[in-house]
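Notes to accompany the following structure.
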Amino acid sequence: MTTDSCTYVIFGATGNLAKLKLIPGFYHLELENKLPDDTRIIAVGRRPWDKQTWTAEVKRFLIEKSGQGLDETIFAKFSARLEYHRGNLDEAECYQALATNVNNQPQFSKNMAFYLAISPGDFSTVIENLSLVALLSEEYGWRRVIIEKPIGYDLESAKALQKRLERHLTEEQIYRIDHYLGKGMVQNVLVFRFANVMLEPLWNRNYIDHIQITHAEDIGIGGRGEYYDGAGAMRDMLQSHLLQLLTLVAMEPPVSMDAEGLRDEKVKVLKSIRPIPKSAVHAHAFRAQYSKGTVKGEKVGGYLDEANIPGDSTTETYAALKVLIDNWRWRGVPFYLRTGKRLAAGQSSISICFRHPPLQFFRDTPVDCMNPNWVLLGIQPEECIRMEMTVKEPGLEMRTRTTSLDASFRNADERQVDAYEDLLLDVMKGDRSLFLRFDEVEYAWRIVDPILQYWATERDYIATYPAGSWGPTESQRLFEKEGQFWRNSL
Ligand code: BG6
């Protein structure tokens with residue numbers, strides 16, 4: 001696919017997402033020489049800045065993020081692409097002036113991407129205004145709008161948002177980001193499954209006992225108290241990123257790797273997930289909140305001590321969910337998903353636990369021969385593929401032990417690409433395979449909505465776990481069998 005030149009407009013350009021992910025993403029694309037010559041990046045912000053101040057600001061935070069100086073030649077090339085447009089999102093003049101600028105100045109490509117790095121509550125305002133000044137019309141070039149999760153607050157609000165978007169945009173123009181899909185190792189799940197024949201015959205209910213998907217963070221909620229307290233871990237991580245990972249692990253081979261082929265198969269997985277009625281929420285879902293504790297040797301406060309969190313908040317910072325997929329391949333194989341802030345380590349992984357062989361010949365040997373095989377896919381911080389197998393210990397006795405087959409696939413000199421770099425480029429290529437289609441969002445909400453509704457009725461109590469732990473041991477109750485446990489190490 002070719003990368004078209006484009007005018008990227010970032011709404012919310014002075015916010016954290018732009019500062020930490022988008023602008024550094026563009027800069028890395030510049031370093032890799034991936035930006036077509038006439039690509040321009042217009043930052044829209046309320047602050048009374050001009051191009052010069054904005055460029056200095058960009059330079060400052062790029063240095064701050066990378067912890068080193070910048071290559072002056074590359075930065076000069078990059079800064080020539082930067083523009084600053086001062087305006088208030090609520091005011092029509094902001095959009096009129098933007099339209100006049102880009103329509104009348106030849107340096108701006110007529111292909112335009114609008115990145116809404118703003119609060120979801122403002123999505124409709126921006127889109128309606130862009131539409132009013134004809135900036136969404138594709139008469140002279142393509143027009144694409146990128147929105148970030150959370151896409152809605154629940155099923156109903158997600159549908160309402162979709163209705164509002166549909167008035168001004170076609171589905172082909174909407175790029176719903178789930179930045180997890182831009183992570184190298186997440187894409188590797190597809191390659192691992194579908195470019196190798198060794199595992200696919202085992203990838204089903206006959207051989208797999210259960211699957212765990214974990215996103216653990218040792219950090220807290222940072223300065224995002226206001227947003228986070230209204231969202232909680234289930235909405236913030238599980239409804240989006242973790243269910244996306246589940247679809248990649250569980251999907252059937254697609255007809256092709258193009259956007260529709262992939263997304264059709266992902267939706268089929270979401271549709272096959274057994275609904276969780278309110279009466280089963282206790283058996284399928286668990287939530288908790290961190291209290292004060294010690295993370296990596298440092299004493300930290302609890303969630304209720306964080307800025308902008310009401311003292312009686314029962315918002316969950318830890319959520320775990322057991323999911324059953326009622327289809328031919330997975331019937332009876334539980335998928336356990338969990339995520340949490342202020343846990344013992346920052347780590348995302350997929351752990352696949354295989355069944356025991358039909359006969360346990362080595363049952364009487366004294367060592368850990370009862371260990372099942374595991375396939376471990378490390379997403380971050382370490383990207384890895386590992387298999388745990390049982391082997392005979394060297395020596396005269398018939399003892400067994402577990403050994404790990406480690407497929408390191410990244411050479412030391414190979415750079416880890418940030419998810420956003422990949423996704424920003426895909427927008428310019430018009431490749432929507434790593435973006436969500438609305439039915440994916442809708443079915444993901446259908447899964448978690450009953451749980452959220454049930455939790456909303458339990459607002460007077462929430463279990464707690466000390467910061468720096470692996471979460472409350474009560475979450476173990478989700479496991480169906482003895483011998484199943486949360487796997488914390490890779
Ligand atoms: C975001 C969530 O979508 O993903 C954050 O809002 C979370 O709460 C973040 O910390 C995790 O992403 P990453 O790429 O840092 O693992």
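As the structure lists them, so they are numbered: ligands from 1, and atoms in each ligand from 1. Note that the structure is predicted; figures quoted are calculated from it, not measured.
Of the protein's non-hydrogen atoms, the one nearest atom 6 (O) of ligand 1 is Asp236 OD1, 2.6 Å. Given atom 12 (O) of ligand 1, the protein heavy atom at minimum distance is His179 NE2, 3.1 Å.
Judged by the shortest distance from any of its heavy atoms, Tyr180 lies inside the 4.0 Å radius around the atoms of ligand 1. Not a single heavy atom of Glu148 sits under 4.0 Å from any atom of ligand 1.
The N/O atoms of Lys149, backbone and side chain alike, include one that comes under 3.5 Å of an N/O atom in ligand 1. Here's the thing with Lys21: none of its N/O atoms is less than 3.5 angstrom from an N/O atom of ligand 1.
Classification of the Trp49-Tyr84 ring pair by plane angle, with boundaries at 30° and 60°, yields tilted. Using a 30° and 60° split on the angle between ring planes, Phe479 and Tyr336 fall in the tilted class, from 30° to 60°. In this structure, Tyr290 and Tyr465 have perpendicular ring planes: the angle between them is above 60°, well past the 30° mark.
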Task: Step-by-step ring pair (Phe, Tyr, Trp, His ring centres under 6.0 Å) determination, Trp486 to His210 - done: CA-CA 11 Å; Trp486 289 117; His210 74 276; 8.8 Å; no

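Short contacts between ligand 1 and Gln380, defined as distances under 4.0 Å to a heavy atom of the residue, involve ligand atoms 13 (P), 16 (O). Distances below 4.0 Å separate heavy atoms of Lys183 from the following atoms of ligand 1: 13 (P), 14 (O), 16 (O). Contact atoms of ligand 1 toward Glu217: 7 (C), 10 (O) (distance under 4.0 Å to a heavy atom of the residue). Within ligand 1, counting atoms from 1 as listed, the ones closer than 4.0 Å to a heavy atom of Lys341 are 5 (C), 7 (C), 8 (O), 10 (O). Set against the non-hydrogen atoms of His241, the atoms of ligand 1 under 4.0 Å away are 1 (C), 3 (O), 4 (O). The atoms of ligand 1 that sit less than 4.0 Å from any heavy atom of His215 are 11 (C), 16 (O).
For the pair Lys65 and Phe61, the cation does not sit on the ring face, since its NZ or CZ is not both under 6.0 Å from the ring centre and inside 45° of the axis.
Shown are Lys268, Lys149, Arg446, Lys266; of these, the salt bridge (Lys or Arg N to Asp or Glu O under 4.0 Å) with Glu440 is made only by Lys266.
Between Phe78 and Phe26, a ring centre-to-centre spacing not shorter than 6.0 Å is recorded.
Residues Ser351 and Arg487 bring no donor and acceptor atom of their side chains to less than 3.5 Å of each other.
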